[in-house]
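In this chain, numbering begins with 1 at the start of the sequence shown.
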Amino acid sequence: MKRSIYILLAILIALSACTKVEKTRTSGTDTIDNIVHHTTTYFVYGFSFSQAKLVSNLGTPGSDIIVYVNVDNFPARLTLQANNLKPSFFKVGDFADETAAITAFNNLKAFSATQWTDMADPIIANQVWIYRSGSDTYTKIRIVSTVNETRQTVPYGECTFQWAYQPDGSLTFPGK
């Protein structure tokens with residue numbers, strides 16, 4: 001009887017140790033917007049490339065990018081902003097149509113950025129950007145579509161983007 005209990009206990013321990021760890025994705029297509037949420041403080045959801053998901057800009061770690069509607073310009077324009085206190089965006093280019101933008105995004109295997117900017121400004125469909133994180137990892141971003149309108153008297157912005165993240169710090173995609 002004791003032997004049966006030990007065998008059963010060993011099986012239960014072995015089964016509990018066999019948890020499947022999901023690998024974090026390093027590319028995809030996602031959407032962020034500028035809707036302000038409120039619990040005890042106000043926040044927006046941005047996107048974290050290292051976590052591959054929407055996260056609060058107040059979280060730890062917080063989001064890498066958020067979308068912002070710059071109403072100081074007329075017409076108002078959308079920007080992507082970073083939360084790492086350094087110039088983080090490099091525009092690869094504006095492309096005439098979706099096919100050209102997809103081709104440029106897919107063919108972007110290595111880059112050399114000459115001048116980083118504080119924000120991706122303005123963002124419109126068919127652009128390709130490079131994002132540099134605070135820890136010098138890089139993500140290539142293709143702007144798929146944007147929404148820039150007023151909803152219930154509040155400026156609303158939305159950006160759908162395709163992305164590929166390389167966490168190794170090299171200047172090549174998908175990595176070294």
Is a donor on one side and an acceptor on the other found under 3.5 Å between the side chain of Thr79 and the backbone of Ala120? no
Minimum heavy-atom separation for Phe43 to His38, with atom names? CE2-N, 4.2 Å
Any idea how Tyr45 and His37 line up, ring-wise: parallel (<30°), tilted (30 to 60°), or perpendicular (>60°)? perpendicular
Asp136 (side chain) donor-acceptor with Gly169 (main chain) under 3.5 angstrom: no
In terms of ring plane angle, is the pair Phe49 and Tyr131 parallel, tilted or perpendicular, where the classes change at 30° and 60°? tilted
Treat each ILVMFWY residue as a node, draw an edge where side-chain heavy atoms are under 4.5 Å apart, and state whether Phe105 and Leu108 are in one component. yes
Please identify which of these residues, Phe111, Phe90, Phe89, meets the ring-ring contact (aromatic ring centres under 6.0 Å, His included) condition with Tyr138. Phe111
Value for CD1 (Ile141) from CG (Asp64), rounded to nearest 0.5 Å, stands at 9.0 Å
Got Thr26 and Gln166 here, is their nearest side-chain heavy-atom distance under 4.5 Å? no
In the structure I gave you, are the side-chain heavy atoms of Gln115 and Pro87 within less than 4.5 Å of one another anywhere? no
Count the heavy atoms belonging to other residues, nucleotides or ligands that lie under 6.0 Å from CD of Gln51, then report whether that count exceeds 12. yes
Could you tell me which residues satisfy salt bridge (Lys or Arg N to Asp or Glu O under 4.0 Å) with Glu149, sequence neighbours excluded, listed by chain and number? Arg151
Any idea which heavy atoms bring Ala164 and Ser27 closest together, and the distance? CA-CB, 3.9 Å
I need the minimum non-hydrogen distance between Asn106 and Lys140, along with the two atoms involved. O-NZ, 4.1 Å
Check whether any side-chain N or O of Asn84 sits under 3.5 Å from a backbone N or O of Arg132 as a donor-acceptor pair, and report yes or no. yes
Are the side chain of Gln127 and the backbone of Pro122 linked by a donor-acceptor contact shorter than 3.5 Å? yes
For residues Ile123 and Cys159, determine if any side-chain heavy atom of one lies less than 4.5 Å from a side-chain heavy atom of the other. yes
Dump the intermediate steps for side chain to side chain contact (heavy atoms under 4.5 Å, CB included) on Ile143 and Ile124, then the final yes or no. CA-CA 7 Å; Ile143 307 298; Ile124 58 174; 5.9 Å; no
Which residue, Leu78, Val147, Ile32, forms the side chain to side chain contact (heavy atoms under 4.5 Å, CB included) with Glu158? Val147
Cluster overlap Leu54 with Val44, hydrophobic side-chain contacts below 4.5 Å: no
Check for me, please, whether Val36 and Ile66 land in the same ILVMFWY cluster - side-chain distances under 4.5 Å, paths through other members count. yes
What heavy-atom pair brings Met119 and Leu80 nearest, and what distance separates the two atoms? CB-O, 3.1 Å
Minimum-distance pair of heavy atoms, taken over all atoms of Val128 and Ala104: CG2-CB, 4.4 Å
Taking the ring of Phe161 and the ring of Trp129, is the distance between their centroids below 6.0 Å? no
Exam field: side chain Asn126 to backbone Ala100, donor-acceptor pair closer than 3.5 Å: no
Might you point out which heavy atoms bring Val71 and Pro155 nearest each other, and give the distance in Å? CG1-CG, 3.6 Å
Find out whether Arg25 and Lys53 are in side-chain contact, i.e. whether some heavy atom of one side chain is under 4.5 Å from a heavy atom of the other. no
Can you find a heavy atom in the side chain of Ile130 that is under 4.5 Å from one in the side chain of Trp116? yes
Should Asn34 and Tyr156 count as side-chain neighbours, where that means a heavy-atom distance under 4.5 Å? yes
Report the C-alpha separation of Thr146 and Asn148 in whole Å, then their side-chain angles, then the decisive distance to 0.1 Å, and conclude whether the side chain to side chain donor-acceptor pair (under 3.5 Å) test is met. CA-CA 7 Å; Thr146 59; Asn148 184 4; over 6 Å; no
Taking CG in Asn83 as the centre, count heavy atoms belonging to other residues, nucleotides or ligands within less than 6.0 Å. Is the count above 12? no
Heavy-atom side-chain proximity of Lys109 to Phe173 below 4.5 angstrom: no
